Amino acid sequence: MCLAYHARVRVGVSGKGGVGKTTVAAVLSRTLARQGRQVIALDCDSDPNLAANCGLPDDEVAALRPFLDQSGPRRIVPTARDPQRLLADDGRRGPDDVTLMLAARVERAGSG
Ligand SMILES: Nc1ncnc2c1ncn2[C@@H]1O[C@H](COP(=O)(O)OP(=O)(O)O)[C@@H](O)[C@H]1O
Ligand SMILES: [Mg+2]
């Protein structure tokens, strides 16, 4: 992949479970960060493990706070939050200076 150095790029990795999405996302994130890019790696899987795959220590993985509002039956994107505040409050710096963020996490099993 060749990216113009100053370009802001969003890369999404999706696909069936177990095909290697998280592995590719983690390698891509750290590789781009090592090239000097600012990388925000956002895990949107409800069973998240991107932060661990990026090499964040276990205690910091556990401390990652989902930024979606999960208090109701639906997950709500907090549109009123300033993006820089969101990054500062809920982002964690990992190896190679990748900033890890977590969208949601299943805390307990429900019905349906
Ligand atoms: N290119 C690959 N070759 C062999 N095993 C791989 C490869 N990419 C990922 N894996 C392994 O496959 C499993 C699933 O990968 P993962 O990235 O967690 O998939 P996903 O995020 O799509 O569910 C992991 O154990 C991972 O180490
Ligand atoms: Mg995965």
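Numbering of ligands and ligand atoms starts at 1, following listing order. All figures in this text were calculated on a predicted structure; none of them were measured in a lab. These values consider heavy atoms only, across backbone and side chains, with no hydrogens, waters or symmetry-generated copies.
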Trainee: Which atoms of ligand 1 sit under 4.0 Å from any heavy atom of Val19?
Mentor: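 Numbered from 1, ligand 1 contributes 19 (O), 22 (O).
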Trainee: So Phe67 and Leu42, side-chain contact (heavy atoms from CB on, under 4.5 Å) or not? Walk me through it.
Mentor: CA-CA 10 Å; Phe67 67 81; Leu42 170 59; 3.2 Å; yes
Trainee: Pick one: which of Asp58, Leu64, Leu56 meets side-chain contact (heavy atoms from CB on, under 4.5 Å) with Glu60?
Mentor: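 The residue from Asp58, Leu64, Leu56 that satisfies side-chain contact (heavy atoms from CB on, under 4.5 Å) with Glu60 turns out to be Leu56.
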Trainee: My question is simple, although I want it checked carefully: is atom 16 (P) of ligand 1 less than 4.0 angstrom from any protein heavy atom?
Mentor: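 Under 4.0 Å from atom 16 (P) of ligand 1, at least one protein heavy atom found.
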Trainee: Identify the two heavy atoms, one from Gly91 and one from Thr99, that lie closest to each other, and give their separation to 0.1 Å.
Mentor: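 So the minimum-distance heavy-atom pair works out to CA-CG2, 4.0 Å.
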Trainee: Provide the closest heavy-atom pair for Gln70 versus Arg105 in the form atom of the first, atom of the second, distance.
Mentor: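 Minimum heavy-atom contact is NE2-O, 2.9 Å.
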Trainee: Is it the case that ligand 1 has an N or O less than 3.5 angstrom from some N or O of Asn49?
Mentor: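 No; every N/O pair is 3.5 Å or more apart.
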Trainee: Going by a strict under-4.0 Å cutoff (protein heavy atoms only), does atom 6 (C) of ligand 1 have a neighbour on the protein?
Mentor: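 False for atom 6 (C) of ligand 1.
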Trainee: Short N/O distance, under 3.5 Å, between Gly17 and ligand 1?
Mentor: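 In this structure, Gly17 places no N or O atom under 3.5 Å from an N or O of ligand 1.
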Trainee: Indicate whether atom 3 (N) of ligand 1 is within a distance of less than 4.0 angstrom of some protein heavy atom.
Mentor: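 False for atom 3 (N) of ligand 1.
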Trainee: Is the backbone of Met101 close enough, under 3.5 Å, to the side chain of Asp90 for a donor and an acceptor to pair up by distance?
Mentor: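 No.
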Trainee: Checking a contact table here: which protein heavy atom is nearest atom 18 (O) of ligand 1, and how many Å away?
Mentor: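 Protein heavy atom with the smallest distance to atom 18 (O) of ligand 1: Thr22 CB, 4.0 Å.
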Trainee: Starting from atom 19 (O) of ligand 1, which protein heavy atom do you reach first, and at what distance in Å?
Mentor: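 That would be Gly20 N, 3.1 Å.
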Trainee: Would you say Thr23 has an N, O or S atom lying under 2.8 Å from the Mg ion (ligand 2)?
Mentor: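 For Thr23, the answer is no, given that no N, O or S atom comes within less than 2.8 Å of the Mg ion (ligand 2).
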Trainee: Please state which protein non-hydrogen atom is closest to atom 12 (O) of ligand 1 and give its distance, to 0.1 Å?
Mentor: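 Of the protein heavy atoms, Gly18 O, 4.4 Å lies nearest.
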Trainee: Strictly under 4.0 Å, does any heavy atom of Gly15 approach an atom of ligand 1?
Mentor: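 Gly15: no contact with ligand 1 (<4.0 Å).
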Trainee: Within the side chain of Asn49, is there an N or O that forms a donor-acceptor pair under 3.5 Å with the backbone of Ala52?
Mentor: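 Absent.
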Trainee: Strictly less than 4.0 Å: does any protein heavy-atom distance to atom 21 (O) of ligand 1 fall in that range?
Mentor: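 It does: a protein heavy atom is found less than 4.0 Å away from atom 21 (O) of ligand 1.
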Trainee: On a heavy-atom basis, which atom in Val39 and which in Ser29 lie closest, and how many Å separate them?
Mentor: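 Closest pair (atom of Val39, atom of Ser29, distance): CG2-O, 3.6 Å.
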Trainee: Just by modelled atom types, is the Ala33 backbone N or O under 3.5 Å from a matching donor or acceptor in the Asp96 side chain?
Mentor: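 Checked: no pair found.
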Trainee: In the protein, which heavy atom is nearest to atom 9 (C) of ligand 1, and how far is it?
Mentor: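 Looking at atom 9 (C) of ligand 1, the protein heavy atom closest to it is Thr23 OG1, 3.3 Å.
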Trainee: May I ask you to decide if Val13's main-chain N or O and Lys21's side chain share a donor-acceptor pair within less than 3.5 Å?
Mentor: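 No, the answer is negative, given that no donor and acceptor are paired below the 3.5 Å cut-off.
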